[in-house]
Asks: 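Take this structure first; my questions come after.
Source: prediction; values computed, not measured. Any value given below was found using the heavy atoms of this structure, including those in side chains, with hydrogens, waters and symmetry copies removed.
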Amino acid sequence: MVTTRTRTVAARAADVWRIATDLERLPLWFPATQRVEGVSRTGWTSVAVSPRGRAVRADYSVVTTEPRRRAVWRQELEGSPYARLFAAVEYELALASEAGGPVTEVTLRVDQQLRGWARFGRFQMRRAMKRQLDGALASLASLAEGVDG
């Protein structure tokens, strides 16, 4: 199940990239993310807050990076509570702009391979992911548009 959301941001791609790939700033723009731990060039752990107020940890590893253009990361599911719901989850951030232009098109894409009973909730899962990605894009835009050029 692939969910894609796009937003035009009034900021240079370099500024959007710098904010989006600074994992210490992830809690400022990615919904429910409370903090990030164990940041390295190859991955990190995101600590989110569940609707019931519990801390939920998710490990991610970097799949590929094309500076100022595209980044792909995968959620590590083995041994996590998410393994019951997903066979695989991959995120992609893509930026497009005219050479150094002041406007950037930002796309967030999530490919979730559902498992078990989660396959029957495809509609609800997609709707929730759209809300999450729209929230992430709005917060990222707010941060990037506030950067002094």
Side-chain angles (χ1 to χ4, degrees), residues 1-9 11-97 104-147:
M1 176 180 77
V2 176
T3 306
T4 304
R5 307 303 277 174
T6 301
R7 181 178 179 126
T8 300
V9 177
R12 296 179 322 206
D15 293 329
V16 176
W17 182 261
R18 188 173 56 253
I19 293 166
T21 59
D22 177 357
L23 295 172
E24 300 297 332
R25 296 174 89 176
L26 194 62
L28 297 175
W29 67 272
F30 205 84
T33 302
Q34 188 176 53
R35 69 181 182 277
V36 178
E37 301 172 347
V39 175
S40 73
R41 293 182 61 191
T42 60
W44 70 93
T45 298
S46 177
V47 181
V49 179
S50 76
R52 293 183 178 152
R54 274 201 237 190
V56 180
R57 302 171 71 80
D59 296 322
Y60 295 91
S61 48
V62 176
V63 174
T64 189
T65 302
E66 299 170 34
R68 296 187 184 176
R69 288 201 45 226
R70 182 174 172 261
V72 178
W73 60 96
R74 170 182 53 242
Q75 185 174 355
E76 299 301 329
L77 299 167
E78 189 173 330
S80 81
Y82 300 104
R84 291 187 327 247
L85 301 173
F86 305 106
V89 179
E90 190 170 274
Y91 290 79
E92 178 181 9
L93 166 74
L95 306 181
S97 69
T104 304
E105 184 177 88
V106 182
T107 300
L108 287 174
R109 178 182 175 274
V110 180
D111 185 356
Q112 299 171 307
Q113 302 299 315
L114 302 177
R115 161 181 284 168
W117 66 267
R119 293 178 302 192
F120 298 107
R122 184 176 302 275
F123 177 75
Q124 292 87 352
M125 300 277 282
R126 184 182 307 276
R127 187 170 49 186
M129 183 52 66
K130 283 180 180 179
R131 277 194 311 267
Q132 185 178 46
L133 295 181
D134 285 341
L137 287 169
S139 295
L140 183 58
S142 178
L143 286 169
E145 290 169 353
V147 172

Asks: For Thr64, what residues pass the side-chain hydrogen bond (donor to acceptor under 3.5 Å, both in side chains) criterion, not counting sequence neighbours?
Replies: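 With neighbours one apart ignored, the set is empty.
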Asks: Using the test side-chain hydrogen bond (donor to acceptor under 3.5 Å, both in side chains), find all partners of Arg68 that sit at least two apart in sequence or belong to another chain.
Replies: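 For Arg68, no residue satisfies side-chain hydrogen bond (donor to acceptor under 3.5 Å, both in side chains) once neighbours in sequence are set aside.
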Asks: So Ser139 and Leu28, do their side chains get closer than 4.5 Å, heavy atoms only?
Replies: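 The answer is no, as the side chains (C-beta and beyond) never meet within the 4.5 Å cut-off.
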Asks: Applying side-chain hydrogen bond (donor to acceptor under 3.5 Å, both in side chains), name anything that partners Thr107, two or more places apart in sequence or on another chain.
Replies: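 With neighbours one apart ignored, the set is Thr6.
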Asks: Go through the structure and list residues passing salt bridge (charged side-chain N to carboxylate O under 4.0 Å, His left out) with Asp134, not counting sequence neighbours.
Replies: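 Asp134 satisfies salt bridge (charged side-chain N to carboxylate O under 4.0 Å, His left out) with Arg5 only.
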Asks: Any heavy-atom pair between the side chains of Val106 and Leu137 that's under 4.5 Å?
Replies: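 A side-chain contact exists here, since the closest heavy-atom pair is under 4.5 Å.
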Asks: So, using side-chain contact (heavy atoms from CB on, under 4.5 Å) as the criterion, who are the partners of Ala48 when residues are at least two apart?
Replies: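 Checked Ala48 against side-chain contact (heavy atoms from CB on, under 4.5 Å); matches are Ala32.
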Asks: Would you check if the side chain of Thr104 reaches a backbone N or O of Ala13 as a donor-acceptor pair within less than 3.5 Å?
Replies: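 Here the side-chain-to-backbone pair exists.
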Asks: Suppose the criterion is salt bridge (charged side-chain N to carboxylate O under 4.0 Å, His left out): which pairs have a residue in residues 36-50, not counting sequence neighbours?
Replies: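 Every pair satisfying salt bridge (charged side-chain N to carboxylate O under 4.0 Å, His left out) with a residue in residues 36-50: Arg35-Glu37, Glu37-Arg57.
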Asks: Applying side chain to side chain donor-acceptor pair (under 3.5 Å), which residue pairs with at least one partner in residues 44-55 are found, sequence neighbours left out?
Replies: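 Those involving residues 44-55 are Thr45-Asp59.
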Asks: Check side-chain hydrogen bond (donor to acceptor under 3.5 Å, both in side chains) between Arg69 and all other residues, then give those that pass, not counting sequence neighbours.
Replies: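 Listed in chain order: Glu66.
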Asks: Tell me every residue that passes side-chain contact (heavy atoms from CB on, under 4.5 Å) with Ala136, counting only those two or more places apart in sequence or in another chain.
Replies: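 For Ala136 the side-chain contact (heavy atoms from CB on, under 4.5 Å) partners, ignoring immediate neighbours, are Trp29, Phe30, Pro31, Leu108.
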Asks: Side-chain donor-acceptor pairs under 3.5 Å in residues 76-83, sequence neighbours left out?
Replies:
unit_1, atom_1, unit_2, atom_2, d
Glu76, OE2, Ser61, OG, 2.3
Glu76, OE2, Arg74, NE, 3.2
Ser80, OG, Leu77, O, 2.8
Ser80, OG, Tyr82, N, 3.2

Asks: State, to 0.1 Å, how close Trp17 and Ala71 come at their nearest heavy-atom pair, and which atoms those are.
Replies: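 Between these two residues, the closest heavy atoms are CH2-CB, 3.8 Å.
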Asks: So does Ala138 get a backbone contact from the side chain of Ser142, meaning a donor-acceptor N/O pair under 3.5 Å?
Replies: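 No, the answer is negative, given that no donor and acceptor are paired below the 3.5 Å cut-off.
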Asks: Compare every heavy atom of Glu145 with every heavy atom of Ala11, then report the nearest pair and how far apart it is.
Replies: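 What the structure gives for the nearest pair is CB-N, 4.3 Å.
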Asks: For the residue pair Tyr60 and Tyr91, categorise the inter-ring angle as parallel (less than 30°), tilted (30 to 60°) or perpendicular (more than 60°).
Replies: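 Aromatic pair Tyr60/Tyr91 classed perpendicular.
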Asks: Once rounded to the nearest 0.5 Å, what's the spacing between atom CD of Gln132 and atom OG1 of Thr3?
Replies: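 Between atom CD of Gln132 and atom OG1 of Thr3 there are 10.0 Å.
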Asks: Distance check, rounded to the nearest 0.5 Å: Gln112 atom CD versus Gln75 atom CD?
Replies: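 Here the interatomic distance stands at 8.5 Å.
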Asks: Rounded to the nearest 0.5 Å, what's the gap from CD1 on Ile19 to CG on Leu143? Could you check?
Replies: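 One finds 5.5 Å between CD1 of Ile19 and CG of Leu143.
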Asks: Could you tell me the separation between the CG atom of Leu95 and the CG atom of Asp15, rounded to the nearest 0.5 Å?
Replies: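 Atom-to-atom, Leu95:CG and Asp15:CG are 11.0 Å apart.
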Asks: With Arg109, which residues qualify under side-chain contact (heavy atoms from CB on, under 4.5 Å), at least two apart?
Replies: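 Result, side-chain contact (heavy atoms from CB on, under 4.5 Å) vs Arg109: Val2, Thr4, Glu92, Asp111.
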